[in-house]
Structures are given as C-alpha cells and as structure tokens.
Amino acid sequence: MDELKNKLEELKDLAGKNNLDINKSLAEIEAMLNVGKDSPTWEKVQLARRLDRPGALEFINLICDDFMELHGDRYFKDDPALIGGIGTINGQAITFIGNQKGSNLKENLYRNYGMGGPEGYRKALRLAKQAEKFNRPVVTLIDTSGAYPGPEAEARGIGEAIAQNLKHFSLLKVPIICFVIGEGGSGGALGIGVGDKLYMLENTIYSVISPEGFASILLRDSNKAREAADIMKMTAKDLFEFGIIHGIIPEAPGGVQNDPAYTAEMMKELILSNIAVLRKKKPESLIRYRSRKIREVGHFTESAREEQDLFKLFTRLFS
Amino acid sequence: MDELKNKLEELKDLAGKNNLDINKSLAEIEAMLNVGKDSPTWEKVQLARRLDRPGALEFINLICDDFMELHGDRYFKDDPALIGGIGTINGQAITFIGNQKGSNLKENLYRNYGMGGPEGYRKALRLAKQAEKFNRPVVTLIDTSGAYPGPEAEARGIGEAIAQNLKHFSLLKVPIICFVIGEGGSGGALGIGVGDKLYMLENTIYSVISPEGFASILLRDSNKAREAADIMKMTAKDLFEFGIIHGIIPEAPGGVQNDPAYTAEMMKELILSNIAVLRKKKPESLIRYRSRKIREVGHFTESAREEQDLFKLFTRLFS
Amino acid sequence: MVDLKNPYVQVTETECPRCLTVMTREAMIEHKQVCRGCGYHFRMPAAARIHLIADEGSFVEMDADLISKNPLSLEGYEDKISQAQKKSDLSDAVVTGTAKIDGRECVLGVMSFQFMGGSMGSVVGEKITRAMLHGADTNKPVILFTASGGARMQEGIFSLLQMAKTANAAALLDDLKVPFFIVLTHPTTGGVTASFAMLGDVALAEPGALIGFAGPRVIEGTINKKLPAGFQSAEFQQEKGFVDKIVPRNELKNTLSFLLKTHGGA
Amino acid sequence: MVDLKNPYVQVTETECPRCLTVMTREAMIEHKQVCRGCGYHFRMPAAARIHLIADEGSFVEMDADLISKNPLSLEGYEDKISQAQKKSDLSDAVVTGTAKIDGRECVLGVMSFQFMGGSMGSVVGEKITRAMLHGADTNKPVILFTASGGARMQEGIFSLLQMAKTANAAALLDDLKVPFFIVLTHPTTGGVTASFAMLGDVALAEPGALIGFAGPRVIEGTINKKLPAGFQSAEFQQEKGFVDKIVPRNELKNTLSFLLKTHGGA
Ligand SMILES: [Zn+2]
Ligand SMILES: [Zn+2]
C-alpha cells in the first residue's frame, strides 16, 4: 500500500511538471487508497467533533471562486443550522448545501450546533429543486450530530421534512455529490445525504445513532460510548469496506483543521471529476443508477427469488 | 326575458316527463338567464354576509353523495378557515376546496370567520396538486371577506401562499370550477378563485376591497360603504356584464338560506355538465384556454400592436 | 408466514392502560381491540389487522422468507431475532402482500410493534420497498400500516439507509401516480416517520396514536422538562397539518375503501 | 417613454427620514440615493434605477404606449392618471424593456412608487405580463423590481385579476425554465406581494424595504396594538424565509450579474 502511495506521488509530480490535468482522476485514486490509514475509532469520533474543524461554509469558500448564500424555506424561516447557495468553480455553477455548526459558542447558539429544524431541510429541498430546474449539480456537506430533537422541530414536522428530502433527492435529475466533513449523525445527516457519490473525510463518522446513544440503549451503560463506537462500525474505513461510500479523503496530520486547504483541494478535484462524468449521463440513467445503489443496501437471506426489475419501471417513468 | 324563462320552465317539465337528461344544459342556460334579476347592491352585500347563509361544507354535503374531509398543509397546521377534501357525485370523484366561516359565534372563532392564513392556502394547493395527480376535477367554493390580516399570517407568508396558488391553479391540468357562494373578498377569494369556470350565486359579491375599505380610502368617508358598493360594481350581474363570470345561479326568494337545496342542485348540475365538457379537452388545451381567459382581463389603450402569440409558448411547453 | 387461519392467536385478556377496564380475549376480538370503556386503541398484531382490513381470504403474503443477517456481527442479535420470531409468529417486523378491500385490489403492508418494537432493519426496509415497487409495477394502490420505534440500531448504518430505500420507492410510486395511503398506528417514531410513513398521498391515523420523529423522552431530555399531554398524538399531528384524518378502527376499512374508489382515475 | 437621457431628473435634495442627514441632489446621485449617514435606501425613480442596473445604452423600452382606461367610470380617475403621468414622467407605474447587465441580455421591469403608489391596475398587470412572456418567448431571464402599495382600487375587480394574470405568466416562465429574479424595494405590499413578487426563482431585497401583504396599519387595526419595530422589513422577511438575500443598492448590479451568469444552463 505504501509503495502504491509513493508511486502515486511520483506520478503526480510528473503530471505537474508536464502540465497534465490528471489530478482529477488521481484525487479519486488517492481517495480510495487512503482507506489503509487506521487509528482508533474513538479518536476519529473526537476529531470529527472538534470545535475548530472547518465547517460547510469554510469548505465552500475554499472550494469556490465565488459563492452566494441563499436563504429561507419559503414557509416559516431561514434556518442558520443548514446553509446553502450557489457557488462557482472554474466558472461552473454548482448548488451547495451543508450543515453548519459554527466555530465558537456564539455561532454555535445562533446555528443551534448544526442541528437543523424542518425549515433547514425544506430550504435544502428548495435549493436542490432550483438546482434541478437550472441543471446545476448539487454538492452536500454533512456535519451534524442529528436533526434538532426539540418540540418546535417536532411540531413543524422534522420527520416529514427529512422524508421529503430522501424522496426528492433520490430522483433529482442532476448529479449530487455528498461529503461527510465531520459528524454524520442519523436522519439529520441522511436528510442531505442521498446522492450519486458519497465521500467521507478521513476523520469523520457516519452512523444511525451517536455512540453515546448506542451505549446507553443497547449496552445499557452510557459510559461505554468508546466501546460502542467500535461495535457500531462508523468510521470512513468501515463504511468503505461496507461498500457504502466511494472514497476517503485525506486530512492533514492531526486533523483537517491543521490544513483545510489541502483537503478542500482534493474535494474540489473530486467534485469536478465526478461532475464531468455524471454530466454525461442522461437524467434517466443517472437516477436509475442512483436508485439501484440505494436499493442495494441491506443484509438479509431469502430463498432463491428473481430480483425485481427496476429497468421496466424506469422505462415507464420516462415514456 | 320573462317569456324566455317561462319557456324554460315548460321545457324542463317536458324533459322531466320524458325522463330526458337535459337538465345539465338547462342549468347553464338558466344561470345565464338569471342575469336579469336585479336589486340594490347593498342588499346583496348584506345577503352575501348573512350568518345563516350556507357555507362551503353545507353546500358540499348537499352536492355530494359522500365526502371525506382531508386536513393539513404538511408544514405548520390545519387551517379550519379553509376546508377541502374528496367528494363523489354519481360515483365521480371530485376535489372540493372552500372558505368556511362557520354559522355561529363558536364556529366563527374556530374558523377565524373564514379568513384563511397561509396554511389554509397551502392546504388548498396540496389538495389541488393531489387532484391533478389523480386526474380529479376541482371545485372551489369562495366565501371570505379576505385572507387574515394578522401578524402571524404575515410572518408565515400569506402573500407568498396566495401567489403560489394563483400560479399553480392557472396551469393545473384538471378542470377547475369556481363558485362564489357568499363574500368574494380580495386576494383571499382569488387565492382559490383561478379556474376554468367562475359562477356567482345570485346574492353574492366579488371585489378587490370591501365597500367599507373603498369608502374610507377612496371616498374618504367610511360611512359611505353603501355608495361605494354601487360604484365598485361588485355584484354577480356587474361581473357577468364585465365578462368575468360565466353565469349567475339563482337563490330562493329572500336568499339561499331559505332553500339551500334548490341552489345546490343547480350547482351540482353545473359541476357535472362542465366537467363532462372540460374532461374532453386535452390538458394542454385546457390550460391554454384558461391562460388565455386570465390574460384577457384588463382595460387599456395602446397603439396598434400585434397580440403576443400564446400558442407558440404552449407548443414549446408540451414539446 | 403470517397465520391468517388464526388471526387472533396473539390477542389476550387485557386491562386498558387509560381507564383500567378489563377486556376478556373475546371482548377484545369483538371490539377490534378498542377499549369498550374509553375507546383506547390497543396495539394490534399484524394478523388481526389484516383480518380486519382485507376481504376474507384475499390476502396473499409476499417475501415471507426474508430473514435478517447480522451485518455488524453484534453479539446476541441472532438470538434476539429468534426470540422475536417465536413471540410474534412473524419473520420480522412487517408483513406484506396483496389483498382486496371491498373487492378492490391493493398492496397491503402491516408493521408489528411486537417484533423488536417494529424497528426497521434491512428486512423491513426491503419488504416495504418491494411492496411499493410491486404496487408500482402492477398499478395497484399501496396501503401501509406503520408501527415502529425507529431504526433497528443493531444493524448500524444499514438500518439508517433503509430510510433512503423506502423513500426512493415512494418517489417512484409518486412519479408513476400509483396511489399510496398510510395508516399511522401507535406508535410511529424515528426513521419510519422520517421516511415512507410521511410520504403517502393520504395519511390516516388511529385515535391517540403517538406519531413523531424524536421520541418524547428524547425531546424531554433536550428541553429538560415534561412535554404537555397529547404532544405528538394523532390529534396533535392533525392539528399541525401532518395527518389528513383520524379514523377510529371500526371505520378504517370503509375509509380505505372510499380512498381506493376515489383514486381509480390515475 | 421613460427618459434615460436624464435619468436623475426626478432626484432632488432630500433629508433622511431616519437620521436627518440632508443630502444635496448631487450627493443623492453620487450615493445612488442611499443615505451617507445611515445607509437608508431612498425610493428610486424608475429611470435612475434602470441607469443604475442596465449597461449604458442597453435598455430598450417595451409597451410604453399602454394607457389606462376607466373601467368603473369612476369620477376623477382620468385626472388622477394625468397628474401622476406629469409628476412622474411615466405613463403608468411600471417601465419594462430589454437590457443588458454586464453584457448579458435580460428583460427588465421597474415599478415606480411615485406613480399612484405603484398600484397595479390593468396597465401594470399587462406590462408585467408581457415582459415575462417576452422573456419566455426569447429565453431571456426576467428581472423585476417591485414597489407597490397594492392593487389599484380605482379599477375594481380588474385590478384584482391582474394578480392572476401576472402569476399565470410566472407559471409559464417557471415551466419553461426561464430564470426569474425579483428585487423587492420599499415598499412592496398588497396584490403585488400576493402575486408575481413572491414567485421569483431568487428573491433579493433592498435593506429596510417594507415587504408584506396586509399593510402595517391594517394589521395594527386587526390586533388593536402596535407592531414591533422591523416587522415586515426585508430583514424580517429574510429571517422568515421569504427573501434569499438582502443586497445593498451598490452591490445590486454585481449580484444580478452573478445570478445571470449562474443561471445560463437552462
Ligand atoms: Zn379504556
Ligand atoms: Zn440617514
């Protein structure tokens, strides 16, 4: 593995010297090779939750030439816990959507620690639909401990809002590329996490419940979060091995906060290379492929049985 | 005119004796003939506002064999000031939407006197879209002094909600038949008033502002409402002469509250006969015709100029 | 396979938690497991539910042979599944199949809270999805009864992603204009609420059913105080705009029949 | 026709209503009619607005010859129209045409509050509609600046129905995927708010602009008390989710340029 990495570095140098634009595919190879790196799960949980970890807006500003934030769900409010807008990379317009925790106490409070309410998810859907209308790809940046579990969010239908996103993102007719940039917590993460490609930064996590929650419910001891984190298999490496994510993006030694630009550059390249490929697909084959990928996830046994043929359904859909 | 009416009665009798189903077209003729009836505008304003006048739900129950009310906007609340659901007439499914004032003080308070908030208009849109999805015609029953002019309605976007209805109703791909059954007040009425056909009950009004508002703003004397009502031309007869409504539906002597079933029967026949005709149109010709009708309204002069050709636009829309 | 020959085998004498009326097994069956004293709607086993809703003999089960694996290799998970299977007579927390209601064909899925709290893992997600896709494929309206404590945490990330899977199936149903009706029963929370349960064309609910995303205890933990009575009840959710109609159990079949009748024009 | 040779003919020396700074005519023009002292955005005549936004010499007016009739035969209405025309140098409360912004073609409409409070009668409704349909026809993005007290009551039911007309045009634009941008300026209320003003793909607003359906005095009449400061301001509307971005006047052209640039893929 190390040898392969060295070769990769040499190749990069060579390409750079010859002004060859092979970086894009290299970034992808690198993202997949990076799987080798390993450290205890709990360390990653802590790194993923660091206050000084760059958030969605910080990454967007590093990735984009220009960015215009757009506000509001058109129903009830603008949710600062979930941001979005239009950015350009090399003149190409892209819609960005991301959880935003804030990086100090004042910001944390303003942004409700990145725990979106229904308004945030409805804003995300509005912006995604707008992107579809104008044929802009969508990039989502996931970083939340979960949707806000408070009474106002419940009263205004946080469950319904997330459900609508899962539904509409799954058939959105433009490419969607998702990155877990910090915490990928449960339905709040998945609510902006349905897409064609899913990458995780090296020190991030993605799980159905927090290790603390898992420990207290299934291990019946809320102090066993560290142990739960291992059992749950929530790191980038775990999810890559499960076949759920497409690659792992390296962070600087000690965590992405030490060199956000390094990781942002990789993300930018992945965005551009993926868009270049996905753009070539017809919308119907794009969403057929996306649906198949979503359909595939799950572990069960059954007696031999013919697999349902999605193709026939999609043919009707586009006839 | 009276002679014509007598002939009509004779024709009805004859048809009835011979079991001929010509009632549907007769109802239409009758609705147009009824234009002749006349009484002072202020009397109509008062009749339109009577507390004991039947409301949307009362008419729906008289018109339908069966009715299931559906609740909620899927965002914030169920607005009792604006009701809707699925009804059947002769086994045919139709979506009904209407303002609902309530007929006693307790009901008035519960239903906010029929002054809908954004949630009511969003529920109406949801039900209209659902009707379109399942190819059900839509019938709306207008009876409101206006949308609710309170701070909550403003904060949750009453203007936006009405605007969306005007937009989406204007291109809805199923027939829409609208009836003013009481007060047709301003944007709150128009918010469920865009359709293929618009009828007014004999003693109803439809205007951009209440006569009281007109009097206080333009006549600078809020006591001149009676005078304003005449100036504003807000009766069924006025609007028929303007070419804005398609017919006037008779009420029992003294007002519809004296015999709601008589008027409901006419409405039922108009609904069925109109649906029979409109159903035959392709959706594209249905909404092209509707758009043209909406486009036509207005009074202005200009130098000779070619009329913009909507046909070309619609051809693109359906290509 | 669900045993429809003995649909009430799981029904026992029960005391109403609200008014303390004791109902014999016979009374429970006769009153469709609704309290005679106060109208409280007891949880209903899947077989009894199907017996209540589907025309006699019309239900044909699908995918009865799907059995959960243990993707996290979690200690004790297989045992828990076996125990739940024995206790409930079901293979997992949902039964799906085709049925007729007053002669009209439909796809019918019924979740069972009795099976590990109706939690959604790979099997529930897959069966719900297949049921919806079968409806899409054959143009049959889909009716799903929900009852769930949320995602099945024992299956980790795979349980979370069942939400996306079922929502994707709902999206396909929607685009193909095949009617999709949801009946929310007590309790419906977590990942089921945040996916297919909130995506029906019409959402019905049984009286008093708890419906929400975060459970009441989690919310109380967030705000550090008690929630008001009735918070997240079916009645609350209708008032908040998320439930079309609350339907007492003895009117459910008629209401579903009306919906099937009025959604035939697609 | 709007006189773009002398775009600032309507601009005069003015005292800021908020901080009482007095601005000379020259200062007003230099600062784009934004208060030097506190940033207060003064109302802007249509000609000045077009001069600010459109590339020099690019604006070509459409439908300048539409003149209102008097459909209710209301006493004094014709006189009012003539007076407004004289006062504002406009034929009615909106100017529409084609323009370029940083070289990109678009359809541009600018309402003027100066003309009978920017009220929407048949002429405003028709010109706005034609502008949108021209955008639909030629695939040019449409940008509309709103400023209105609401429907023009003097035209009775005809003014109300202009809401439906402009919303129908917005629906066509939407279905054809032609970009539609709204800039809400002070004040935008009534029938304009409840129709095309709320139907843009992106809604910008000038700082401090009053935006609402019912006017503040009507609302205060409903609740019988004063509204809090800032109610219905642009900032309030952004917080409530109805405005995408508040853009100070000196950044407006750049922002619109960015939007035109990023909505070219349709
Ligand atoms: Zn009881
Ligand atoms: Zn000032």
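Chain identifiers are assigned alphabetically (A, B, ...) following the order of the sequence lines, protein sequences preceding nucleic acid strands; residue numbering begins at 1 within each chain. Just so it is clear, the values below take in all heavy atoms, side chains as well, and ignore hydrogens, waters and symmetry mates.
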Side chain from CB out, backbone as N, CA, C, O: work out which of these in A/V194 comes under 4.5 Å of a heavy atom of chain C, or both, or neither.
-> side chain
Ion pair C/E220/C/K225, N-O distance below 4.0 Å = no
If one checks every heavy atom of A/A153 against chain C at 4.5 Å, the contacting part turns out to be neither
Please state whether the side chain, the backbone, both or neither of A/S207 comes within less than 4.5 Å of a heavy atom of chain C.
-> backbone
Do A/K123 and A/D79 sit within salt-bridge range, that is, some charged N less than 4.0 Å from a carboxylate O?
-> no
Looking at C/A171, C/G241, C/G221, which has the largest count of heavy-atom pairs under 4.5 Å with chain A?
-> C/A171
Ring centroid separation C/F181 to C/H263 under 6.0 Å | yes
In sequence, state the C-alpha distance, the side-chain angles, and the governing distance for A/K167 and A/Q164, and then conclude on side chain to side chain donor-acceptor pair (under 3.5 Å).
-> CA-CA 5 Å; A/K167 172 180 166 180; A/Q164 293 294 348; 4.5 Å; no
C/D174 versus chain A, heavy atoms under 4.5 Å apart: side chain, backbone, both or neither?
-> side chain
Name the region of C/Q154, side chain, backbone, both or neither, that has any atom closer than 4.5 Å to a heavy atom of chain A.
-> both
Sort by residue number and list every member of residues 114-124 of chain C having a non-hydrogen atom under 4.5 Å from chain A.
-> C/S122, C/V123
For the residue pair C/F231 and C/F236, categorise the inter-ring angle as parallel (less than 30°), tilted (30 to 60°) or perpendicular (more than 60°).
-> tilted
Nearest heavy-atom pair of C/L260 and C/P141: which atoms, and what distance?
-> CD2-CB, 3.5 Å
Is it true that A/E296 and A/R292 make a salt bridge, defined as a side-chain N closer than 4.0 Å to a carboxylate O?
-> no
Any luck finding a side-chain donor-acceptor pair between C/T146 and C/T188 under 3.5 Å?
-> yes
Give, as side chain, backbone, both or neither, the part of C/I219 having an atom under 4.5 angstrom from any heavy atom of chain A.
-> both
Given the options A/H168, A/E160, A/E154, which has more heavy-atom pairs under 4.5 Å with chain C than any of the others?
-> A/E154
Where do A/R220 and A/E227 land on the salt bridge (charged side-chain N to carboxylate O under 4.0 Å, His left out) test, with the steps shown first?
-> CA-CA 12 Å; A/R220 290 172 197 287; A/E227 187 184 326; over 6 Å; no
With a 4.5 angstrom heavy-atom cut-off, which part of A/L218 approaches chain C: side chain, backbone, both or neither?
-> side chain
Best-contacting candidate, C/A136, C/G215, C/A170, against chain A by heavy atom pairs under 4.5 angstrom = C/A136
Turns out that what part of C/I223 lies under 4.5 Å from chain A's heavy atoms comes down to side chain
Cation over ring face, A/K233 and A/F242, 6.0 Å, 45° | no
So C/E126 and C/R130, salt bridge (charged side-chain N to carboxylate O under 4.0 Å, His left out) or not? Walk me through it.
-> CA-CA 6 Å; C/E126 181 69 17; C/R130 287 192 190 174; 2.8 Å; yes
Counting distance only, does the side-chain N/O of C/S195 pair as donor-acceptor with the main-chain N or O of C/G191 below 3.5 Å?
-> yes
Side chain, backbone, both or neither: which part of A/R290 has a non-hydrogen atom closer than 4.5 Å to chain C?
-> neither
Apply salt bridge (charged side-chain N to carboxylate O under 4.0 Å, His left out) to the pair A/D143 and A/K101, showing each step before the final yes or no.
-> CA-CA 7 Å; A/D143 185 20; A/K101 289 179 170 178; 3.4 Å; yes
Donor on one side chain, acceptor on other, A/T144 and A/N99, under 3.5 Å | no
Relative to chain A, which of C/T193, C/V218, C/T166, C/L199 shows the most heavy atom pairs under 4.5 Å?
-> C/L199
Value rounded to 0.5 Å, distance of CZ in A/R288 from CG in A/L171 = 12.0 Å
From the list A/G150, A/A155, A/G157, A/G298, the residue making the most non-hydrogen contacts under 4.5 Å with chain C is A/A155
Could you please state which residues from residues 68-80 of chain C sit under 4.5 angstrom from chain A, measuring non-hydrogen atom to non-hydrogen atom, sorted by number, or 'none'?
-> C/S68, C/K69, C/P71, C/L72, C/S73, C/L74
Options A/Y148, A/F169, A/Y206, ranked by heavy-atom pairs under 4.5 Å with chain C, top entry | A/Y206
Are any non-hydrogen side-chain atoms of A/L198 and A/F179 less than 4.5 angstrom apart?
-> no
